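Read the structure below first, then the notes.
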Amino acid sequence: QVQLVESGGGLVQPGGSLRLSCAASGSILRITKMGWYRQAPGKQRELVATIISGGSTNYGASVQGRFTISKDNAKNTVYLQMERLEPEDTAVYYCNARVILTLPPSKVDDYWGQGAQVTVSS
């Protein structure tokens with residue numbers, strides 16, 4: 001019903017920057033929240049950043065001040081600008097969206113993207 005397509009991952013040197021994008025499509029009436037989570041090998045999935053429909057943001061402690069989440073409502077797209085990347089940021093980054101569907105009418109559900117690999121290494 002809803003698909004999330006991520007792009008922008010890759011390999012970057014420590015101190016470098018990357019920008020992730022996630023576009024949502026399908027039976028979308030409205031998106032109430034979008035966000036990014038990440039999972040490193042052998043670790044649990046953790047919050048990176050979220051943004052709600054009104055624009056308020058929330059960040060994980062380890063990325064506060066280095067990462068910025070933003071959205072384009074017209075495109076149902078969320079972005080994650082990552083600065084001053086560190087090897088500890090290496091992980092698969094997953095996009096998440098909480099969606100009010102058009103069909104079934106007004107059903108609310110959470111969706112996940114397929115994941116984008118980010119590797120920070122010299």
Side-chain angles (χ1 to χ4, degrees):
Q1 291 170 314
V2 174
Q3 297 78 40
L4 302 181
V5 178
E6 299 145 341
S7 60
L11 173 65
V12 63
Q13 291 187 342
S17 302
L18 274 178
R19 188 192 196 209
L20 300 180
S21 300
C22 173
S25 62
S27 303
I28 299 171
L29 177 62
R30 189 164 68 91
I31 298 176
T32 60
K33 184 170 74 172
M34 296 189 82
W36 294 93
Y37 296 76
R38 68 186 183 186
Q39 188 165 19
K43 295 187 177 181
Q44 289 189 332
R45 189 172 295 189
E46 65 173 357
L47 167 72
V48 177
T50 59
I51 184 166
I52 64 173
S53 57
S56 296
T57 58
N58 182 46
Y59 293 92
S62 62
V63 307
Q64 183 80 43
R66 298 188 298 122
F67 291 9
T68 303
I69 190 170
S70 61
K71 63 185 177 71
D72 184 331
N73 291 331
K75 296 180 179 179
N76 285 333
T77 299
V78 65
Y79 306 96
L80 184 70
Q81 180 67 40
M82 303 182 288
E83 305 285 349
R84 303 196 308 277
L85 282 159
E86 305 166 353
E88 293 74 22
D89 296 316
T90 296
V92 178
Y93 284 69
Y94 295 93
C95 176
N96 170 262
R98 179 158 294 171
V99 178
I100 302 174
L101 300 173
T102 56
L103 289 173
S106 300
K107 183 180 187 293
V108 180
D109 216 342
D110 278 325
Y111 294 88
W112 293 89
Q114 79 283 0
Q117 177 69 47
V118 172
T119 302
V120 184
S121 175
S122 54

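What you are looking at is a predicted structure, and each value in this text was computed from that prediction instead of being measured. Below, all heavy atoms of this structure are taken into account, side chains as well, without hydrogens, waters or symmetry copies.
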Between [X] and [Y], what is the shortest heavy-atom contact and its length?
{"X": "L18", "Y": "G10", "result": "CD1-O, 3.9 Å"}
{"X": "S70", "Y": "I51", "result": "CA-CD1, 4.1 Å"}
{"X": "A91", "Y": "A40", "result": "CB-N, 3.8 Å"}
{"X": "M34", "Y": "T77", "result": "SD-C, 4.4 Å"}
{"X": "Q1", "Y": "L103", "result": "NE2-O, 3.2 Å"}
{"X": "C22", "Y": "L4", "result": "SG-CB, 3.9 Å"}

Is any side-chain heavy atom of [X] less than 4.5 Å from a side-chain heavy atom of [Y]?
{"X": "F67", "Y": "T57", "value": "no"}
{"X": "V2", "Y": "D109", "value": "no"}
{"X": "S53", "Y": "R30", "value": "yes"}
{"X": "M82", "Y": "S17", "value": "no"}
{"X": "E86", "Y": "P14", "value": "no"}

### Residue pairs passing the salt bridge (charged side-chain N to carboxylate O under 4.0 Å, His left out) test where at least one lies in residues 1-15, sequence neighbours excluded
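Qualifying pairs: none.
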### T32/I100 under side chain to side chain contact (heavy atoms under 4.5 Å, CB included): CA gap, chis, key distance, verdict
CA-CA 7 Å; T32 60; I100 302 174; 3.7 Å; yes
### Task
Check L20, T90, L80 against V118 for a side-chain contact (heavy atoms from CB on, under 4.5 Å) and give me the one that passes.
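The single option meeting the side-chain contact (heavy atoms from CB on, under 4.5 Å) with V118 is L20.
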So, using side chain to side chain contact (heavy atoms under 4.5 Å, CB included) as the criterion, who are the partners of [X] when residues are at least two apart?
{"X": "S25", "answer": "Q3"}
{"X": "L11", "answer": "T119, S121"}
{"X": "S106", "answer": "none"}

Measure the [atom1]-[atom2] distance between [X] and [Y] for me, rounded to the nearest 0.5 Å.
{"X": "S7", "Y": "R19", "atom1": "OG", "atom2": "CZ", "value": "9.0 Å"}
{"X": "N58", "Y": "Q64", "atom1": "CG", "atom2": "CD", "value": "8.0 Å"}
{"X": "Q39", "Y": "R45", "atom1": "CD", "atom2": "CZ", "value": "5.5 Å"}
{"X": "D110", "Y": "R98", "atom1": "CG", "atom2": "CZ", "value": "4.0 Å"}

### Query
Taking it one step at a time, do V99 and V108 satisfy side chain to side chain contact (heavy atoms under 4.5 Å, CB included)?
CA-CA 6 Å; V99 178; V108 180; over 6 Å; no
### Task
Quick one: do Y111 and N96 satisfy side chain to side chain contact (heavy atoms under 4.5 Å, CB included)? Show the steps, please.
CA-CA 6 Å; Y111 294 88; N96 170 262; over 6 Å; no
### Task
Examine the side chains of Q13 and S122 and answer whether a donor and an acceptor come within less than 3.5 Å of each other.
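Judged by distance alone, the side chains do not pair up.
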### Query
Just checking, any donor-acceptor pair under 3.5 angstrom between side chains of S62 and R38?
yes
### Query
Can you name the residues that form a side-chain hydrogen bond (donor to acceptor under 3.5 Å, both in side chains) with R66, not counting sequence neighbours?
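R66 satisfies side-chain hydrogen bond (donor to acceptor under 3.5 Å, both in side chains) with D89 once adjacent residues are dropped.
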### Query
Checking side chain to side chain donor-acceptor pair (under 3.5 Å) for the pair E46/Q44: CA distance, chi angles, key distance, verdict?
CA-CA 6 Å; E46 65 173 357; Q44 289 189 332; over 6 Å; no
### Message
Could you list the cluster mates of Y94? Members are the ILVMFWY residues connected by side-chain heavy atoms closer than 4.5 Å, either directly or through other members.
### Response
Y37, L47, V92, W112
### Query
Same hydrophobic cluster for Y79 and Y93, using side-chain heavy-atom links shorter than 4.5 Å among ILVMFWY?
no
### Message
Checking V48 against Y59 for the side chain to side chain contact (heavy atoms under 4.5 Å, CB included) test, could you report, in this order, the C-alpha distance in whole Å, the side-chain angles of both residues, the deciding distance, and whether it holds?
### Response
CA-CA 6 Å; V48 177; Y59 293 92; 6.0 Å; no
